[in-house]
Amino acid sequence: MDLFKGTKIYSIVTGTCPVCQEESMYVENNPYKLSSIFKMHERCKNCGLKYVIEPSFFFGAMYVSYGLNVGIAIITFLISYLIVGLSVLESFFALIGMLIILIPVVLRLSRNIWINIFKKYNKNAKQV
């Protein structure tokens with residue numbers, strides 16, 4: 001994954017600081033540890049970026065989450081209905097199951113995408 005270091009893709013996929021890409025934004029790296037799914041560090045220990053830029057900053061990530069969930073739903077339905085050959089009702093249940101299983105991952109990805117819209121990588125970000 002180091003091949004992509006310095007790109008927004010790297011920060012989005014790994015959940016690292018969008019400015020220096022050295023530290024994870026999250027206290028717990030495992031998104032399926034539900035007790036700490038939303039817990040983020042206040043600031044990056046490397047460059048000092050404040051992750052919650054303003055109160056309710058990550059409310060905007062709901063729109064990103066909606067788009068990701070629609071994409072997942074479409075792909076799941078098409079694969080289950082057209083490729084696997086399930087009925088419409090069975091495909092619908094597969095879609096619901098996939099969305100439920102991926103909730104923690106989508107929540108984190110949407111936050112990562114949202115903050116990367118507003119911050120960009122700086123290879124010269126100074127260590128605090």
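All heavy atoms count here, side chains included; hydrogens, waters and symmetry mates do not. Sequential numbering from 1 along the given sequence is applied to the chain's residues. Since the structure is predicted, the reported quantities are computational estimates derived from the model, not experimental observations.
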Task: Salt bridge flag under 4.0 Å for residues Glu22 and Lys5 - done: yes

Looking at [X] and [Y], would you say the former's side chain and the latter's main chain have a donor-acceptor pair under 3.5 Å?
X	Y	result
Arg108	Gly15	no
Ser11	Thr16	yes
Ser110	Val106	yes
Glu23	Lys45	yes
Ser56	Phe59	no
Lys8	Asn116	yes

Separation of [Y] [atom2] from [X] [atom1] (nearest 0.5 Å):
X	Y	atom1	atom2	result
Ser36	Asn30	OG	CG	8.0 Å
Ile115	Cys17	CD1	SG	7.5 Å
Lys123	Cys20	NZ	SG	15.0 Å
Ile83	Ser91	CD1	OG	11.0 Å
Asn29	Ser24	CG	OG	4.0 Å
Asn46	Gln21	CG	CD	11.0 Å

Open item on the list: Using the side chain to side chain contact (heavy atoms under 4.5 Å, CB included) definition, which of the options Leu99, Val105, Ile101, Leu95 pairs with Ile72?
Closed with: Leu99

Under 4.5 Å between side-chain heavy atoms, hopping through other hydrophobics if needed: is there a path connecting [X] to [Y]?
X	Y	result
Val64	Ile12	yes
Ile37	Ile103	yes
Val70	Met62	no
Val52	Trp114	yes
Ile96	Leu86	no

Open item on the list: Any heavy-atom pair between the side chains of Cys44 and Val19 that's under 4.5 Å?
Closed with: no

- [ ] Test side-chain contact (heavy atoms from CB on, under 4.5 Å) on Leu68 and Leu102 and set out the steps.
- [x] CA-CA 10 Å; Leu68 290 173; Leu102 291 178; over 6 Å; no

Open item on the list: Quick check with a 6.0 Å cut-off and a 45 degree axis cone: is Arg43 positioned over the face of Tyr51's six-membered ring?
Closed with: no

- [ ] Decide if the gap between the ring center of Phe118 and the ring center of Phe57 is smaller than 6.0 angstrom.
- [x] yes

Whether over 12 other heavy atoms sit under 6.0 Å from [X] [atom1]:
X	atom1	value
Tyr121	OH	yes
Phe92	CZ	no
Tyr32	OH	yes

Could you pull out the closest heavy-atom pair between [X] and [Y], with the gap in Å?
X	Y	value
Met40	Phe58	SD-CE1, 3.7 Å
Ile100	Pro104	O-CD, 4.3 Å
His41	Val27	NE2-CA, 3.9 Å

TODO: Compute whether any side-chain donor of one residue and acceptor of the other, for Asn112 and Tyr26, lie under 3.5 angstrom apart.
DONE: yes

